[in-house]
Amino acid sequence: MSIQTGDIVARRSYGCDVLFRVVRISDDRTEAELSGEELRLLADSPVDDLVAIDREELKERRKKIKQKEADSYRLFRQDYQLLKMKREYTATGGYTREDLYFELPGRVLHIDGDPNYLKKCLELYEKLGVPVYGHYVKESDMPREVGNWIKKVRPNILVLTGHDAYMKNKGKKTDLNAYRHSRDFVSAVKEARSAIPHLDDLVIFAGACQSYFEALIRSGANYASSPARVNIHALDPVYIASKVSMSSFMDRVTVWEALRNTLTGEKGLGGVETKGLLRTGMPIEGDQSDL
């Protein structure tokens, strides 16, 4: 069976380790452009190196991925419940009063270069209870558009992500030109920082698979990928943004606390310690949804 656009495939030369979706096939049908099915990675491959993944194998692989995602979600919820209990204890004077209080998490602007990943991310934000505005923007257009979206949404947290890749044949790891979209992410972070310079006034996550971590941090990101130039999971930016959003502004979020519930961990993600953004208030009557 010949490989077609939209097929789920893997690469023989890499031991079929990563699942990709075929985005485009060249006119002579020798080269294919691939997009990671669960990882934020772009790749090119000879068509004859691709293996189509059958339905049963795809089902089994997705089952394993879903289990990892479920484990991360469960751990995040456990951490959140502990933080919530701490805030409740403080707000009620050590449970000496029965005051009703409300919480205002940090608001997220999630700009994504992949509309399918954006949809998955927005679903997870909703499950976690994080207020978010999501928008699809091509990586190359992010530097031009990010300023207007910051003015429109006025977020506390900005996520700039999509697809990326380090290409060894284009240069060393310290060469920004050796990355597919790291230059776009760096430029977008600089534009955001020109609008809101302080790291605690706007918390920024930037990057995707194999991105130029050091350049993104130097440009002003609080968190970025990828220190070891490895692939990151599509949902990793959500867990980092949500950790900061749901942590009290009275607490600092250490880098390890931000990373511990991600699917990739410290090889794929890093950053600097950052203040939380959630604020507690009172009194409240009725439904908090009006806030």
Side-chain angles (χ1 to χ4, degrees), residues 40 69 72-73 76-77 79-80 83-84 87 102-137 139 142 145-162 185 188-189 191-193 195-208 211 216 220-225 232-249 251-253 255 257-264 269-280 288-289 291:
R40 292 184 172 276
E69 292 176 358
S72 289
Y73 176 76
F76 184 96
R77 294 299 302 177
D79 283 355
Y80 172 71
L83 290 172
K84 186 175 178 65
R87 292 193 297 270
F102 59 89
E103 296 182 335
L104 299 177
R107 184 169 61 255
V108 178
L109 168 59
H110 184 114
I111 297 178
D112 207 311
D114 187 307
N116 294 320
Y117 284 170
L118 175 62
K119 183 175 182 291
K120 292 181 181 180
C121 288
L122 293 180
E123 290 172 353
L124 181 56
Y125 283 119
E126 184 177 357
K127 285 179 63 178
L128 295 173
V130 175
V132 61
Y133 185 95
H135 193 66
Y136 162 62
V137 177
E139 292 87 351
M142 288 181 184
E145 294 197 24
V146 66
N148 289 332
W149 284 107
I150 288 174
K151 290 178 183 177
K152 181 176 180 179
V153 179
R154 298 174 62 191
N156 307 111
I157 302 169
L158 171 66
V159 173
L160 297 164
T161 189
F185 292 134
V189 171
E191 287 295 322
R193 280 287 170 239
I196 305 178
H198 200 285
L199 269 67
D200 289 326
D201 291 338
L202 179 66
V203 176
I204 300 177
F205 173 93
S211 291
L216 290 167
N222 299 67
Y223 302 98
S225 60
I232 71 168
H233 192 276
L235 300 177
D236 281 338
V238 177
Y239 281 112
I240 289 181
S242 298
K243 177 64 177 179
V244 178
S245 170
M246 306 299 275
S247 296
S248 170
F249 83 104
D251 298 328
R252 65 185 179 92
V253 180
V255 178
E257 287 173 333
L259 303 187
R260 68 188 300 263
N261 295 327
T262 62
L263 286 90
T264 306
L269 306 154
V272 298
E273 63 180 6
T274 302
K275 286 177 63 177
L277 290 168
L278 182 141
R279 292 177 182 267
T280 300
Q288 288 192 43
S289 62
L291 294 171

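- Considering CG of Leu128 and OH of Tyr239, their distance stands at 6.0 Å, rounded to 0.5 Å.
- Across all non-hydrogen atoms, the minimal contact from Gly162 to Arg40 is O-CB, 3.1 Å.
- Taking the side chain to side chain donor-acceptor pair (under 3.5 Å) definition, one finds that Lys127 meets it with nothing, sequence neighbours left out.
- Residues satisfying the salt bridge (charged side-chain N to carboxylate O under 4.0 Å, His left out) criterion with Glu273, sequence neighbours excluded, are Arg252.
- Residue Thr161 forms a side-chain contact (heavy atoms from CB on, under 4.5 Å) with just one option from Asp112, Leu118, Val238, and that option is Asp112.
- Looking at every heavy atom in both residues, Met246 comes nearest to Pro105 through SD-CB, 3.6 Å.
- In terms of heavy atoms, Leu277 sits closest to Gly106 at CB-CA, 4.0 Å.
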Ignoring hydrogens and angles, write down the donor-acceptor pairs under 3.5 Å from the side chains of residues 145-160, residues two or more places apart or on other chains.
unit_1: Glu145; atom_1: OE1; unit_2: Trp149; atom_2: NE1; d: 3.4
unit_1: Asn156; atom_1: OD1; unit_2: Arg107; atom_2: N; d: 2.7

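- A distance-only check finds no donor-acceptor pair linking the side chain of Ser245 to the backbone of Ala241 [under 3.5 Å].
- Evaluation of the ring pair (Phe, Tyr, Trp, His ring centres under 6.0 Å) rule for Tyr117 yields His163 as partners, not counting sequence neighbours.
- For the pair Tyr136 and Pro115, the tightest heavy-atom approach, listed with the atom from each and the gap, is CE1-CD, 3.5 Å.
- Under the salt bridge (charged side-chain N to carboxylate O under 4.0 Å, His left out) criterion, Lys120 pairs with Glu38, sequence neighbours left out.
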Anything under 3.5 Å between a donor and an acceptor, one on a side chain of residues 257-264, the other on a protein residue two or more places apart or in another chain? List them.
unit_1: Glu257; atom_1: OE1; unit_2: Thr254; atom_2: N; d: 3.0
unit_1: Glu257; atom_1: OE1; unit_2: Thr254; atom_2: OG1; d: 3.4
unit_1: Arg260; atom_1: NH1; unit_2: Asp79; atom_2: OD1; d: 2.8
unit_1: Arg260; atom_1: NH1; unit_2: Asp79; atom_2: OD2; d: 2.3
unit_1: Asn261; atom_1: ND2; unit_2: Asp79; atom_2: OD2; d: 3.1
unit_1: Thr262; atom_1: OG1; unit_2: Leu259; atom_2: O; d: 2.7
unit_1: Thr262; atom_1: OG1; unit_2: Gly265; atom_2: N; d: 3.1
unit_1: Thr264; atom_1: OG1; unit_2: His233; atom_2: N; d: 3.1
unit_1: Thr264; atom_1: OG1; unit_2: Asp236; atom_2: OD2; d: 2.3

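- With hydrogens and angles disregarded, no donor-acceptor distance shorter than 3.5 Å links the side chain of Ser247 to the backbone of Val244.
- More than 12 heavy atoms of other residues, nucleotides or ligands sit less than 6.0 Å from atom CD of Glu123.
- Judged by distance alone, the side chain of Arg193 and the main-chain N or O of Leu202 form a donor-acceptor pair under 3.5 Å.
- To the nearest 0.5 Å, the span separating CG on Leu199 from NZ on Lys275 amounts to 12.0 Å.
- Taking every heavy atom of both residues into account, Ala206 and Val189 meet most closely at CB-CG2, 3.5 Å.
- Atom CG of Asn222 and atom CZ of Phe205 lie 11.0 Å apart (nearest 0.5 Å).
- Considering only residues two or more places apart in sequence or on other chains, Asn116 meets the side chain to side chain contact (heavy atoms under 4.5 Å, CB included) condition with Asp114.
- Taking both residues in full, the closest heavy atoms of Ser225 and Leu216 are given as O-CD1, 3.4 Å, listed atom of the first, atom of the second, then distance.
- For the atom pair Thr274 OG1 and Asp251 CG, the distance stands at 13.0 Å (nearest 0.5 Å).
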